[in-house]
Amino acid sequence: MNEMQLLTWVRGPGLNLAVGIFVLGVLWRLFEIYSLGRKKDLSAPRALPGASGWRTIFRRTLPAEGMLKKAPVTYIAGAIFHIGLAIVVFLFAPHIKLIQSLFGISWPALPSQFVDLITIVTLVALLVLLADRIMNPVKRFLSTFEDWFTWTLTFLPVLTGWLAVRHLLLPYTTMLALHILCVELLLVFLPFTKLFHAFTVFGSRWFIGAINGHKGVAV
Amino acid sequence: MQGPLIESLARQGVSRRTFSKYCATLASMMALSPVAGQAMASALAAAPAATRRPSVIWLPFQECTGCTESITRSHSPTIEGMIFDMVSLDYQETLMAAAGFQAEEALHTAMKENQGKYLLIVDGSVPLALEGAYSCIAGRTNLELLKEASRGAAAIVAMGSCAAFGGLPHANPNPTGAVAVSDIIKDRPIVNVPGCPPIPVVMTGVLAHFITFGSLPELDALGRPKAFYGETIHDRCYRRPFYDQGKFAKTFDDEGARNGWCLFELGCKGPVTYNSCATTKWNAGTSWPVESGHGCLGCSEPDFWDAGGFYRALSVPAGPLQMVGAAAAVGVATGAAVSFLNRAKKRAAKAGHETTTLADLEK
Amino acid sequence: MTITDDKEFKLALASLPVERQRQIAVAFCRRVLDLSHDARVKSALESAGRADITEAELQLAAHAAHAARVDSFAQCGSDASWTAQSGHFVAKAAQACVRIAVPGESIAWDAAMQARLARTCQTVAEGLGTENTEAREQYRILETFLQR
Amino acid sequence: MTASLEKGVRVLKEVIDAPIASYFNSCVHCGLCAEACLFYTETGNPKYTPIHKLEPMRRLYEQEYTLLGRLKKTVGLSKPVTDAELGEWQELVYNSCTLCGRCSAVCPVGNDVVYMVRKFREGMSASGNAPEGIKGAANRTITIGSPMGVKLPAVKAQMKHVEKDFGIPIPMDVEGAEYMVMLSSMEIMNFPEYLGAIAKIMQHVGKTWTLCSTAFEATNAGMQIGNSDLARVIVSRIVEGAEKLKVKTVISPECGHAYTALRWEGANLVGRPFTFKVQHIVEVLGEFQELGLLKTEGFEKVRLTFHDPCQLARRGGVIQPQRNLLNMVAKNFVEMPDAGYMNWCCGGGGGASAIEEGEALRLEAFKVKKSQFETVKPDRVVTACANCRIVLEEGLEHYQMDLPVVGLTEMVADHLVAKGA
């Protein structure tokens with residue numbers, strides 16, 4: 001298995017397997033979670049426009065009043081990371097090419113130098129978040145193996161992707177193969193770790209929005 | 001610089017200066033020092049006189065004669081043709097006049113007389129299925145011929161991707177069980193000269209190096225001469241600036257293609273292919289695949305036939321996803337099953353509920 | 001003049017100047033002082049009783065009475081006892097006595113009400129419900145106080 | 001029957017639902033809920049991180065309701081929940097949690113942590129791991145009728161006293177009255193003036209009201225302990241009383257958790273929507289103000305600020321009415337930092353103040369309130385919850401801050417123009 005064969009494997013059967021497990025895992029876990037149902041709230045609702053689950057899905061993206069100054073690192077680095085990752089994944093030309101080849105839809109890309117800069121910013125944000133998870137007493141207290149593992153699972157694809165585009169450290173073939181492999185590992189583990197918050201965050205925010213919206217509280 | 005080669009070159013109107021300039025370029029291409037150019041020129045010129053011309057045996061197995069075409073494509077009386085004056089090409093089925101048992105006769109005598117000294121060139125992959133019955137010469141399988149010929153060979157040159165990595169016959173589903181030379185012969189120095197076909201000057205370069213220095217050039221992990229296969233096409237490609245600026249041709253006839261933009265999105269395998277097409281180019285420097293507007297196929301890399309479509313970009317999956325439907329079905333089924341179990345468990349817990357009274361607050 | 005109901009009682013008290021209101025308030029508190037076991041309440045009442053009390057002493061006494069009142073709150077969910085609660089209201093009555101009078105507010109009336117609550121708590125604790133004569137006793141004290 | 005781990009686990013299996021499952025799967029251990037919880041911010045001890053208070057329930061959910069969790073359990077890889085562990089968690093789930101909901105307000109992935117703590121208490125109480133203080137309160141509420149053992153005669157005594165003090169009759173068991181007023185034992189014992197204020201207000205606006213002899217107690221220790229069975233018994237009394245007296249609206253008094261128990265959990269406990277409205281007294285006053293029924297005179301001149309009881313503002317949705325009322329009777333009303341929806345808890349709600357062993361922790365948690373007051377430097381604090389008042393007064397006393405605390409209802413009543421004027 002030399003790097004060309006590795007690249008061919010990860011671009012072919014590897015990706016197939018990973019996407020398969022990903023789809024299987026996501027559907028399985030979504031059913032498993034949301035099938036538990038929720039009892040209807042019999043108390044008389046208090047109508048307040050803007051207090052609904054739907055609104056909370058967006059509003060909860062911003063920090064609550066007065067919280068930004070209490071945990072600036074988490075909020076700022078977290079926001080930069082998520083936005084950066086979104087830009088790199090969805091607005092970088094080769095990724096759009098990939099999505100087009102799989103699903104047929106495509107959209108204009110950002111110039112690669114700009115995405116390259118965003119990738120560096122995203123990597124730095126991730127490293128800051130890692131440092132904070134080590135230094136912050138609460139985060140370290142809460143952290144289990146899964147936290148360190150999922151951090152790595154998220155960091156490696158971005159790093160290898162950047163190195164591949166920049167043709168650094170390893171020959172392009174190997175680095176591209178590693179990049180795709182890391183993405184596949186991320187896909188495989190996502191539904192079974194806390195990375196699944198990428199899907200359940202909408203359900204959770206909707207629930208808290210609906211439960212409190214019923215009481216006329218816009219959370 | 002004297003010697004019979006110089007006289008014969010002069011007869012064909014090739015001056016000494018042209019000959020030494022050729023050796024200098026050859027040496028530079030092989031990443032040798034300029035001084036080596038001079039040494040190569042004097043060695044080439046003197047070689048036939050000092051010793052018997054080294055014997056070269058060319059064994060063709062499962063091959064399409066593309067490599068032979070390539071090495072002889074020098075239709076104009078270029079220097080490559082002259083190289084054959086330096087070697088005694090004792091056996092080459094396509095080029096030799098003899099046929100039938102005379103040809104076999106020539107092969108065996110060459111092997112006997114130059115035992116341990118001749119250079120064996122192999123062209124084409126070696127089939128192993130049905131004990132090699134898929135490809136035989138004079139009733140003997142390529143496998144036997146290769147083993148027999150390699151025993152007396154000083155070195156083996158696996159010419160072309162088929163001999164080097166198995167090539168087209170080895171591609172999926174590989175009915176003949178074709179393998180590369182290096183998969184069979186483990187005890188002889190082998191140099192792989194992959195390409196489909198390899199670049200002519202690369203082939204002659206390897207021969208010239210063997211004749212001059214009596215040894216094989218420095219090889220990379222896949223047994224390929226680093227001089228020619230040290231860098232990727234992408235690193236030396238003249239369209240690289242377009243790649244860096246993100247300017248890609250989307251179709252073969254769009255405005256990008258006409259402007260000579262990068263062909264990455266049209267499946268060019270340049271970034272992952274080690275060869276010197278971008279520098280040496282083909283047909284005496286006339287052009288090369290990318291320059292002619294078509295992406296590199298990656299023909300000097302193992303299993304390039306099975307590396308996803310030639311027209312699918314590297315960053316694009318090799319093929320459509322087959323498993324998604326089935327995976328979704330299994331996912332939904334598993335989810336539904338677990339939901340059923342969960343709801344049953346929750347109902348049971350509700351049914352088994354024992355109303356807490358004040359006394360129940362104490363353990 | 002005789003006082004027969006709370007309306008007259010309240011009017012009479014309100015008509016008194018602050019110093020005299022403080023004296024009558026202390027008198028009401030002394031009647032229920034035995035219900036409280038908090039030294040601070042006793043000390044606050046003693047200092048309030050002295051006619052020549054200065055602003056600073058008043059401040060100090062108010063603080064002591066405040067602390068006594070806060071400490072004697074019946075805790076939410078605790079098995080509160082009415083006897084203890086009567087002590088709480090004695091502290092509240094004492095605090096009314098030492099409060100800096102604000103025009104329009106009648107510290108004597110407040111003290112009287114808190115004293116009655118203290119007594120009610122005691123009778124509730126003893127299971128007598130609201131049968132107590134604290135109000136009439138307070139009328140007597142005021143009548144004798146007004147003659148002096 | 002006595003409490004047991006097995007009963008506790010069964011109750012948890014019953015109450016764990018899709019929201020809780022979604023929340024456990026969304027938590028990314030970011031630690032922001034701790035930054036919002038006064039028990040962490042004032043002690044700096046990471047064990048008070050809100051999501052950590054749910055660890056046993058999280059493991060139980062994983063082992064019972066996820067396929068991988070169940071597989072891990074069968075092969076013995078999972079750490080089962082033990083009674084000892086629940087005992088250890090009692091301090092986290094009760095002493096260091098007043099169900100104030102600030103953690104839920106900040107969780108970036110939208111986990112309603114307080115919703116989960118409330119459900120976890122179902123399992124804790126069923127397994128006998130609830131604190132003594134609240135058990136006593138629940139016991140007294142069910143057997144005697146009030147968590148502090150207040151019986152009807154005592155209520156009648158206070159009513160008589162208030163009638164004399166305020167000169168207004170206090171109706172009891174009047175059928176067909178528009179409002180049925182509830183009291184919390186805190187008010188009956190510590191703040192009888194509240195009842196007087198109600199009488200004055202109702203007289204002022206000319207509304208008919210009544211107390212109910214069989215259901216005068218508003219607080220619900222069953223909900224504080226987190227046991228729906230007990231809470232159902234307690235709240236059913238109020239429902240029967242209200243329906244017997246055929247009142248239109250039941251007024252929940254100045255007590256946060258009583259409001260949550262009756263307004264939001266009541267219908268779900270008895271299993272059917274109420275046939276009457278439930279309003280917090282601040283809501284009622286807000287309505288009266290909007291209808292222009294409250295004619296007031298004079299203004300409080302001193303600098304005062306408002307402490308929002310969590311169950312009223314953040315958890316109950318009543319935020320603006322109290323401010324309108326204050327602006328009606330006060331000239332110098334200033335908001336404290338984080339006022340309104342994000343206000344900090346007094347530290348004593350949800351039965352926490354009934355737990356003796358939690359006293360020291362509560363006083364330490366009170367420092368956040370102290371710094372809020374130090375920032376605003378008010379001369380008086382107004383709030384709308386009897387227990388908040390006492391916890392605030394005790395805290396202020398502990399930190400030698402001379403700051404009186406008054407109830408909003410009483411303040412509004414003081415400024416009402418006398419009838420007929």
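Treat the numbers as computed from the prediction; the structure is a model and nothing was measured.
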For chain B, which candidate among D:L5, D:D17, D:D83, D:T66 shows the most heavy-atom pairs at distances under 4.5 Å?
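With the most close heavy-atom pairs to chain B, the winner is D:D83.
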Looking at D:N129, D:T143, D:V11, which makes the most heavy-atom pairs under 4.5 Å with chain B?
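The candidate making the most pairs under 4.5 Å is D:N129.
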Proximal component of [X], with respect to chain B [non-hydrogen, under 4.5 Å]:
X      : result
D:V233 : neither
D:L12  : neither
D:S228 : neither
D:N139 : both

If you take all heavy atoms of D:E132 and B:E362, which pair is closest and at what distance?
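Closest pair (atom of D:E132, atom of B:E362, distance): OE2-OE1, 4.2 Å.
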Does the side chain of D:K135 reach to within under 4.5 Å of the side chain of B:L358, using non-hydrogen atoms?
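A side-chain contact is absent here, since even the closest heavy-atom pair is not under 4.5 Å.
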Rounded at 0.5 Å granularity, tell me how far [atom1] in [X] sits from [atom2] in [Y].
X      : Y      : atom1 : atom2 : value
B:R347 : D:K13  : CZ    : NZ    : 13.5 Å
B:K346 : D:I16  : NZ    : CD1   : 8.0 Å
D:E64  : B:K345 : CD    : NZ    : 3.5 Å

Considering only heavy atoms, which portion of B:S339 lies under 4.5 Å from any heavy atom of chain D: side chain, backbone, both, or neither?
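The answer is neither part of B:S339.
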Quickly, which of B:D360, B:L361, B:T355, B:T357 forms a side-chain contact (heavy atoms from CB on, under 4.5 Å) with D:L230? Name it, please.
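For D:L230, the side-chain contact (heavy atoms from CB on, under 4.5 Å) test succeeds with only one of B:D360, B:L361, B:T355, B:T357, which is B:L361.
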Just wondering, more than 12 heavy atoms not from D:K151 lying within 6.0 Å of its NZ?
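12 or below, so no.
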Considering residues, nucleotides and ligands other than B:R240, do more than 12 of their heavy atoms fall under 6.0 Å from its CZ?
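Above 12, so yes.
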side-chain contact (heavy atoms from CB on, under 4.5 Å) between D:R70 and B:N342, intermediate numbers included
CA-CA 11 Å; D:R70 294 158 82 121; B:N342 286 354; 3.1 Å; yes
